[in-house]
Amino acid sequence: MQKIAIIGAGLAGALLSDRLTDAGLDVTLFEKSRGTGGRLASARLGEFSADLGAPAIDAQGQVFRSWLALQQQKGILDAWQPRTVGFNGEVRESDWKWIGKGRNSSLTRALIGSAKLETEKRIGVVWPDREGVMLRDDEGGVLGHFDAVICTAPAPQSVRLLEAVPRFAHIAEESITDPSWVYLASLERLPGKLEGVDVVESGHLRIARISVESNKPGREGCVIKVEMDRDWSEANIDLSKEQVQERIRCLLERWLQEQLSVITERTHRWLYNCSYQPVQEYLSLWDVDTRIGACGDWIGPAGLEGSFLSAQDLADQLLKS
Ligand SMILES: Cc1cc2nc3c(=O)[nH]c(=O)nc-3n(C[C@H](O)[C@H](O)[C@H](O)COP(=O)(O)OP(=O)(O)OC[C@H]3O[C@@H](n4cnc5c(N)ncnc54)[C@H](O)[C@@H]3O)c2cc1C
């Protein structure tokens, strides 16, 4: 049976694993973090859980929309139509979106199913030799040889991993990546301006979006999430979590015109929130000679839908070959 290694257990890696496992291939996922989800990860916040990455999944195209509806039928996702307003209070149009049951990372968990998953395993080297494609962890330990290795890490982290195929490393290098600071707080009560609202976006020069996480179907507590915009995040990228937490809370309280009743709070720095290609030429990358490939949101269209399309495209190519 063909042995395939996938680097990264975000949406692209999990979906690819699902497709290849279904086709009877022997798949092992290597993930540097403790859990799955990547930029769709969830985290504990006191006694509740909250989505640290993308708050919800939306679809522009019919293929992704149908696939999401299928995951909803299987009981993995819930549908959500957030009541959305601008920062000036104007009601905005909002489409149906999807969220993971209980937490967004339940989607990647379900897709990975019973495939082999090695967490807290950061890959350092991907190199083809006579026995196949060799993987080493970041301490130099050999993890084995595989018939093919697919990298789904964000673009800046993929550059080094794709060194054996210089044109792929170059595409990763050319991708533009934005950072984002995210603030999560569990509150005693919801501030007045957020009552009856699920999402606030557009019209603030620093804050990109506020989501009332606990308003999502099946979620508990009184939890909010604030995503800062690219320019603010970049300008504050080297500050400590504590300093950033203080600054975000101040900005938020100024807009809310009241103090937050914080029980627990945490801040997370996403160095690679969103990626874009200067020119979109491919959906995924596959080199038949070295048997090294890549998929993810930095190759074709951006965001979750881009990751989905990229992973589907690569799965089709691999299964054909
Ligand atoms: C706060 C936030 C809000 C967002 N909002 C939206 C939104 O509204 N709409 C939208 O479409 N998109 C949004 N996105 C972007 C979206 O989440 C990503 O485009 C998508 O999740 C990327 O999935 P992926 O599988 O391609 O990459 P990732 O989810 O990044 O998965 C890659 C995985 O590889 C792992 N990895 C990296 N290096 C190594 C290594 N050396 N060894 C082993 N593992 C490694 C990482 O830990 C990660 O788990 C948002 C992202 C963030 C952070």
Side-chain angles (χ1 to χ4, degrees), residues 5-17 28-43 50-61 64 68 82 84 95 97-100 104-105 107-108 111-112 117-126 135-139 143 149-162 172 175 177-184 199 201 208-211 213 225-230 233 267-276 284 294-311 314:
I6 298 175
I7 305 172
L11 179 63
L15 178 59
L16 190 63
S17 155
T28 307
L29 283 129
F30 296 96
E31 168 55 54
K32 71 173 173 56
S33 306
R34 260 188 299 170
T36 72
R39 280 168 281 162
L40 201 55
S42 309
D51 297 322
L52 205 52
I57 309 170
D58 51 4
Q60 307 297 320
F64 192 35
L68 291 168
T84 305
D95 286 337
K97 299 177 192 292
W98 285 266
I99 56 163
N104 281 349
S105 59
L107 174 61
T108 45
L111 289 171
I112 291 168
L117 169 66
E118 294 209 25
T119 53
E120 297 185 82
K121 197 58 91 183
R122 185 191 287 264
I123 302 302
V125 176
V126 179
L135 284 190
R136 282 185 193 274
D137 63 23
D138 58 346
E139 285 163 1
L143 298 168
V149 171
I150 309 302
C151 176
T152 75
Q157 295 169 327
S158 288
V159 175
R160 202 174 131 219
L161 299 173
L162 293 172
S175 150
T177 307
D178 294 342
S180 173
W181 276 105
V182 167
Y183 169 79
L184 280 168
V199 172
E201 62 185 9
R209 178 162 57 191
I210 303 173
S211 339
E213 291 286 304
K225 175 161 106 192
V226 180
E227 293 163 61
M228 301 308 289
D229 85 344
R230 185 198 57 191
S233 299
T267 312
H268 185 82
R269 184 181 65 174
W270 289 102
L271 281 176
Y272 317 123
N273 175 341
C274 280
S275 291
Y276 316 90
S284 67
C295 60
D297 66 340
W298 53 272
I299 300 170
L304 289 153
E305 189 157 6
S307 283
F308 166 86
L309 293 172
S310 182
L314 189 58

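Counting starts at 1 for both ligands and their atoms, in listed order. Counting begins at 1 with the first residue of the sequence.
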If the condition is salt bridge (Lys or Arg N to Asp or Glu O under 4.0 Å), which residues does Lys32 pass it with, not counting sequence neighbours?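 So Lys32 forms no salt bridge (Lys or Arg N to Asp or Glu O under 4.0 Å) with any residue.
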Select one of side chain, backbone, both or neither to describe which atoms of [X] lie under 4.0 Å from any atom of ligand 1, heavy atoms only.
X	value
Glu201	neither
Lys121	backbone
Val182	side chain
Trp270	side chain

Counting heavy atoms only, which of Ala54, Pro301, Gly13 comes nearest to atom 6 (C) of ligand 1?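 Nearest option to atom 6 (C) of ligand 1, by heavy atoms: Ala54.
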So is Gly124 in contact with ligand 1, going by heavy-atom distances below 4.0 Å?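 Per 4.0 Å heavy-atom rule, Gly124 does not contact ligand 1.
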Within-shell test, Ser180 vs ligand 1, heavy atom, strictly < 4.0 Å: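 Flag not set, Ser180 not near ligand 1.
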Kindly give the heavy-atom pair with the smallest separation between Asp51 and Pro55, and that separation in Å.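 Scanning both residues, the minimum pair turns out to be OD2-O, 4.0 Å.
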Top protein contact for [atom], by heavy-atom distance:
atom	result
atom 21 (O) of ligand 1	Leu304 CD2, 3.4 Å
atom 44 (N) of ligand 1	Lys32 N, 3.1 Å
atom 48 (C) of ligand 1	Glu31 OE1, 3.5 Å
atom 15 (C) of ligand 1	Asn273 O, 3.6 Å
atom 25 (O) of ligand 1	Ala12 N, 2.9 Å
atom 5 (N) of ligand 1	Arg209 NH2, 3.1 Å
atom 40 (C) of ligand 1	Ile123 N, 3.7 Å

Give a yes or no answer on whether the side chain of Ser310 reaches the backbone of Gly296 with a donor-acceptor pair at less than 3.5 Å.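 Checked: pair present.
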Would you mind running through ligand 1 and noting each atom that sits below 4.0 Å from a heavy atom of [X]?
X	answer
Ser33	47 (O)
Gly10	25 (O), 29 (O), 31 (O)
Gln157	37 (C), 38 (N)

Atom pair CD1/CD1 of Ile123 and Ile6 - distance to nearest 0.5 Å: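 The CD1 atom of Ile123 sits 12.0 Å away from the CD1 atom of Ile6.
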Got a sec, which residues hit side-chain hydrogen bond (donor to acceptor under 3.5 Å, both in side chains) with Ser284, two or more places apart in sequence or on another chain?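 So Ser284 forms a side-chain hydrogen bond (donor to acceptor under 3.5 Å, both in side chains) with Asp313, Gln317.
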